[in-house]
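Worksheet for the structure shown next.
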Amino acid sequence: MSKNPTIDLYSKVAQSLGMRLDTEGGAMYGTFGGFHVLVSPTVANNPYMVAVDISAHRSTGPLTKADCKQFKQEHSQVKSLTQNGTTIVMTLKKLRGLDGMQEGLRSSISALVRYLQSEGFTECCQSCSAPDVDPCFIAGSYAMLCRDCFTRLQQDRTALDSQKKGKHENIVGGIVGALLGSLIGVAAIVILSRLGYVAAISGVILAVCTLKGYELLGGKLSNRGIIIGSVLMLVMTWLGDRLDWAIVASQQMDMDLVKSFRLVPDLVKYGIIEKSTYYANLVILYLFTVLGAAPTIISTIKNRKIQGRLYRLAPLEQRVQNPEF
């Protein structure tokens, strides 16, 4: 059994429908009534919200809004039906449990395929409209492509990867970008605190702006950039919190900001600023900074792994078990 409950669920659903599961990308795929079908989640962390993708066209043109509206009205499980180019996407209302997934997908896919057949649609490549396509994984998303288009895409990807590898990281520019981004975060700490909001929320702003600033001016967010940005975040979080307290002290003690900034440690030491309040606020601010940085760092590392991934999904024989096809 997989440690990922979504993978476990989709494996069972795919098996019951005669489909396969691409464990890397998380989509189910199969062949129904002459159409390759992709099923993937539409909402992160909610495997029961899914969309069904088919690439097809007809001589009389794409589906109209009236066509899509009528189909939706005739099938209560369908949330929406759209066509963009040759890509036809049917999203379903939230399904319930394993049985609900199996029955909901079986009936909805069956209805869509029968409808497309009756309307004269035939399967085609999303890029060139040629027949004989395969579902493909392309840097985190899916597409229905013929072999020629997939080969061209592979060649383009290889050339792009070579170009990226030849591009040097601008560390100085990255540090400048991270510093500018962190200053936005410091400003957020002070401004939000002055407006009466929980200053800790600004930790998220500081983290994201610091990392994005490095990526923008450094050319890319490498492991080195993540380390530099993280160190800068720690320093600037402390700076922002101290500046916030300095402004409070300056206003209440009628002294200039520079002097109050220098005196903050003494104000804490002698109890003018309550020590527990000072450190609790700083800890919360650091916690929110980590909460803001973690998703960005994880997303960056994950995207690196999938950006270069390009493959055709394993072929699947025409589904014949379901008498509806």
Side-chain angles (χ1 to χ4, degrees), residues 1-56 63 67-84 86-119 121 123 126 133-138 140-144 302 306 311-325:
M1 179 177 289
S2 167
K3 294 181 181 180
N4 187 328
T6 298
I7 295 297
D8 291 336
L9 172 67
Y10 280 18
S11 294
K12 295 175 182 177
V13 173
Q15 184 177 11
S16 71
L17 298 178
M19 304 178 78
R20 286 186 180 178
L21 174 65
D22 177 36
T23 55
E24 181 167 347
M28 294 178 279
Y29 64 100
T31 308
F32 295 81
F35 294 95
H36 283 83
V37 175
L38 277 167
V39 179
S40 56
T42 58
V43 179
N45 301 320
N46 190 338
Y48 299 102
M49 300 289 289
V50 299
V52 178
D53 289 30
I54 293 176
S55 181
L63 293 171
D67 293 333
C68 296
K69 183 178 180 180
Q70 182 178 353
F71 182 85
K72 175 185 174 182
Q73 290 174 342
E74 293 176 354
H75 301 88
S76 60
Q77 189 64 61
V78 176
K79 183 177 181 180
S80 68
L81 179 67
T82 60
Q83 182 171 3
N84 183 13
T86 65
T87 305
I88 298 170
V89 180
M90 174 180 64
T91 58
L92 303 183
K93 297 176 183 177
K94 186 176 181 179
L95 302 171
R96 305 287 179 180
L98 175 60
D99 292 340
M101 285 280 289
Q102 293 170 339
E103 293 306 316
L105 281 172
R106 180 179 288 110
S107 61
S108 298
I109 293 174
S110 172
L112 179 60
V113 168
R114 286 199 304 268
Y115 176 71
L116 295 179
Q117 289 172 334
S118 67
E119 292 294 320
F121 279 87
E123 184 175 71
Q126 287 180 220
V133 304
D134 290 307
C136 305
F137 180 87
I138 305 168
S141 60
Y142 290 92
M144 299 289 189
K302 183 178 179 180
I306 67 174
Y311 56 86
R312 297 199 348 255
L313 276 60
L316 185 65
E317 295 299 325
Q318 173 75 23
R319 178 176 169 80
V320 295
Q321 298 96 317
N322 189 335
E324 292 182 292
F325 294 98

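FYI, the numbering just counts along the sequence from 1. Because only heavy atoms are used, hydrogens play no part in the values below, and waters and symmetry mates are left out as well, while side chains stay in.
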Q. From T31 OG1 over to R20 CZ, what is the distance, rounded to the nearest 0.5 angstrom?
A. 9.5 Å

Q.
Under a plain distance cut-off of 3.5 Å, with no hydrogens placed, do R114 and S118 share a side-chain donor-acceptor pair?
A. no

Q: Output the distance between atom OG1 (T86) and atom CD (E123), rounded to the nearest 0.5 Å.
A: 10.0 Å

**Q.** side chain to side chain donor-acceptor pair (under 3.5 Å) against N46, all qualifying residues, sequence neighbours excluded
**A.** none

Q.
Please report the interatomic distance CD(Q83) to OG(S55), rounded to the nearest 0.5 Å.
A. 8.5 Å

Q. With a 4.5 Å heavy-atom cut-off, do M101 and K12 have their side chains touching?
A. no

**Q.** Pairwise distance CG(L95) to CD(Q102) - rounded to 0.5 angstrom
**A.** 11.0 Å

**Q.** Closest approach of R106 to S16 (non-hydrogen atoms, all atoms of both residues)
**A.** NH2-O, 3.4 Å

Q. With under 30° as parallel and over 60° as perpendicular, where do the rings of Y115 and F71 fit, or are they tilted in between?
A. tilted

Q.
Using modelled atom types and a 3.5 Å cut-off, is there a donor and acceptor pairing between side-chain atoms of K72 and backbone atoms of L81?
A. no

Q) Looking at CG of L17 and OH of Y29, how far apart are the two atoms once the value is rounded to the nearest 0.5 Å? A) 14.0 Å

Q.
Looking at every non-hydrogen atom in both residues, tell me the closest pair between Y311 and G25 and how far apart they are.
A. OH-N, 4.1 Å

Q.
To check you understand the geometry: which heavy-atom pair defines the closest contact between G26 and P41, and what is its length?
A. O-CD, 3.9 Å

**Q.** Residue of the set L38, D134, D53 for which side chain to side chain contact (heavy atoms under 4.5 Å, CB included) holds with M144
**A.** L38

(Q) Under a 3.5 Å threshold, yes or no: a donor from one side chain and an acceptor from the other, between T87 and Q126? (A) yes

Q. Just how far is it from atom CZ of F32 to atom CD1 of I54, taken to the nearest 0.5 Å?
A. 9.0 Å

Q: Specify the closest pair of heavy atoms between I88 and L116, including all atoms of both residues, with the distance to one decimal.
A: CD1-CD2, 3.7 Å

Q) Just wondering, do V13 and M28 contact through their side chains at under 4.5 Å, heavy atoms? A) yes

Q. Is there a side-chain contact between D22 and F137, using heavy atoms and a 4.5 Å cut-off?
A. yes

Q) Mind checking whether V39 and Y10 have side chains closer than 4.5 Å, heavy atoms only? A) no

Q. Do V89 and T91 pass the side chain to side chain contact (heavy atoms under 4.5 Å, CB included) test, and can you show the C-alpha distance, the side-chain angles, and the key distance before you say yes or no?
A. CA-CA 6 Å; V89 180; T91 58; 4.2 Å; yes

(Q) If I compare all heavy atoms of K93 with all of S76, which pair ends up nearest, and what's the gap? (A) NZ-O, 3.0 Å

Q. By side chain to side chain contact (heavy atoms under 4.5 Å, CB included), which residues pair with S108, not counting sequence neighbours?
A. Q77, M90, L92

